[in-house]
**Q** 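Quick one: structure below, then a few questions.
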2 protein chains.
Amino acid sequence: MTRSGGQETRVRILRTAAELFQRQGYGATGLNQILAASGAPKGSLYFHFPGGKEQLAAEAMALAGSDLGERLAVAVAAADGPRAAVTALGGVLADGLAASGYRDGCPVATVALEQAGETGPINDACAATYEGWLAGLREQLKSWGAPEETAAELADLALSSVQGALLLAQVRRDVGVLHAVAGQVGAHIEARLATVTTGGAA
Amino acid sequence: MTRSGGQETRVRILRTAAELFQRQGYGATGLNQILAASGAPKGSLYFHFPGGKEQLAAEAMALAGSDLGERLAVAVAAADGPRAAVTALGGVLADGLAASGYRDGCPVATVALEQAGETGPINDACAATYEGWLAGLREQLKSWGAPEETAAELADLALSSVQGALLLAQVRRDVGVLHAVAGQVGAHIEARLATVTTGGAA
DNA sequence: GGGACTCTAGACCGACTGGTCTACATAATT
DNA sequence: AATTATGTAGACCAGTCGGTCTAGAGTCCC
């Protein structure tokens, strides 16, 4: 094994962990299950993640969150306006959801809810993930003429709606809601932005 | 103990279970923890819930879902229009969230996400809960003049947005988003309803 | 009073949990 | 060649898991 072999194992454990935590939650996912799925022995896990399950989960959330964040950012950047952007947001999530047999929704939501009300590195990683997504969204909205405050408000609205629709789609095993909600919210944001940029106040 | 004592124990177990499942998730909540918190012995649990943890969770989700559903329905029914209704929706959830130290968000979301992609009584109970809430919302919207199809679409939008904002509020430990999103979505729905009821098409 | 039924009580089971530990293989450094 | 650092490999631990089981208390009907 070369030196890079170690880092490969580390990342493999991390990705496997991210997938299982996302699908089953933190408490329901055992270390042994992650190890078996990734093919790594327990010694490797505790070498790479001396902080144990908690550190593993925190890093897995951060990795999965930034991975999806990048895909989301690409889709949004390719859109020609807010409406297309939110629609694209919903589209990316809908595709991933359907392709995984309705198992992969938001990579951090399950763990985030499980850990809500507590404090610790896992919670911080989840919060940071959402904050990162929102920052990207706000920048895009500002590039389309939204003032700082409006951009923040609308980014929150877009993420909340899509996130909630994703949950509903997952429970229903039907991505219809996701597309419908994204379309409506996109239209609302575009309308609101048109008002603001032509001189109207919030 | 009188005969009714048994049913009291049953409900006490159910409510304790609902609270713990909501806060920690299905996998992370142990039967022993539920028993200790409710003061019931293991024998009672398996007498009342021979289907074990799965049956307990399914019934707990159904109970908690209908409990909150009723409170939500009361708040919505008291509103004088869609905007006030969605605002009230967000208000009830925001109050409950803040009052519980950001632990109690949606009573079924955590478990629903954990169980997404699987089939079984727990998933069914979660889906039924959301469906029940949506049915109530649709009725209200129709009473304000929304056609069948529009009511369904707007109810999905309202629940999705509020649900997503609730998740975000929980992670942030700040109910601000909830109020802001509910306000915006309420305004959007009211505007859209005004268009529809004065003759405009969707 | 004697069953029958409802429900409580908790000991007990094998399986599995997260975590620690020692042994060892490989690769770079000296 | 010897040493050191980087990882791999898995046996092992106490504790907990969900679930089963038997014993018996309390209440009702006959």
Side-chain angles (χ1 to χ4, degrees), chain A residues 1-21 23-61 110-111 114-115 118 120-123 125, chain B residues 1-21 23-61 110-111 114-115 118 120-123 125:
Chain A
M1 291 283 176
T2 63
R3 230 224 200 98
S4 65
Q7 291 309 308
E8 279 171 25
T9 301
R10 189 188 149 89
V11 174
R12 196 171 69 246
I13 292 176
L14 224 33
R15 292 211 189 281
T16 308
E19 183 178 309
L20 292 172
F21 282 140
R23 294 182 178 182
Q24 310 176 339
Y26 180 75
T29 302
L31 253 20
N32 294 327
Q33 186 187 5
I34 296 171
L35 261 10
S38 67
K42 197 165 270 192
S44 296
L45 195 157
Y46 275 90
F47 172 78
H48 292 292
F49 307 94
K53 194 184 185 184
E54 193 174 46
Q55 182 190 351
L56 176 60
E59 289 199 31
M61 291 302 101
T110 310
V111 173
E114 219 174 330
Q115 295 289 321
E118 316 215 346
I122 304 178
N123 214 311
Chain B
M1 292 282 177
T2 62
R3 231 225 201 100
S4 65
Q7 291 308 309
E8 278 171 26
T9 301
R10 187 187 151 90
V11 173
R12 197 171 68 244
I13 292 176
L14 225 33
R15 292 211 190 279
T16 307
E19 183 178 310
L20 292 172
F21 282 140
R23 294 182 177 181
Q24 311 176 338
Y26 181 74
T29 303
L31 253 19
N32 293 328
Q33 186 186 6
I34 297 172
L35 261 9
S38 68
K42 197 165 270 191
S44 297
L45 195 157
Y46 277 90
F47 173 79
H48 292 294
F49 307 95
K53 195 183 186 184
E54 193 174 47
Q55 182 191 352
L56 175 61
E59 289 198 32
M61 291 302 101
T110 310
V111 174
E114 220 175 331
Q115 295 289 319
E118 316 216 345
I122 302 178
N123 213 312

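Residue numbers begin at 1 in each chain, while the letters A, B, ... track the order of the sequences.
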**Q** Return the CG to CD distance between B/Leu45 and B/Gln55, rounded to the nearest 0.5 Å.
**A** 9.0 Å
**Q** Starting the side chain at C-beta, find the nucleotide from D/dT8, D/dG18, C/dT20 nearest to A/Thr9.
**A** D/dT8
**Q** Choose from C/dC7, C/dG18, D/dG18 the nucleotide whose nearest atom is closest to any side-chain atom of B/Gln7.
**A** C/dC7
**Q** Side chain of A/Phe47: nearest nucleotide among C/dG19, C/dT8, D/dT6?
**A** D/dT6
**Q** Below 4.0 angstrom from OP1 or OP2 of C/dT6, is there any side-chain N or O of B/His48?
**A** no
**Q** Give a yes/no answer on whether the side chain of A/Lys42 brings an N or O atom under 4.0 Å of OP1 or OP2 in D/dG10.
**A** no
**Q** Over how many whole Å does the gap from B/Ile34 atom CD1 to D/dT16 atom P extend?
**A** 16 Å
**Q** Would you mind classifying the nucleic acid contact of B/Gly43 as base, sugar-phosphate or nothing, using non-hydrogen atoms under 4.0 angstrom?
**A** base
**Q** On DNA chain C, does the nearest nucleotide to B/Leu45 precede the nearest nucleotide to A/Gly52 from the 5' side, or the other way round? Give the residue.
**A** B/Leu45
**Q** Testing the basics here: between B/Thr110 and B/Gly25, what is the closest heavy-atom pair and its distance to 0.1 Å?
**A** CG2-CA, 3.7 Å
**Q** Side chain of A/Leu31 only, please: which of C/dT8, C/dG18, D/dG18 is the nearest?
**A** C/dG18
**Q** Out of C/dT8, C/dG19, D/dG19, which nucleotide sits closest to the side chain of B/Pro41?
**A** C/dT8
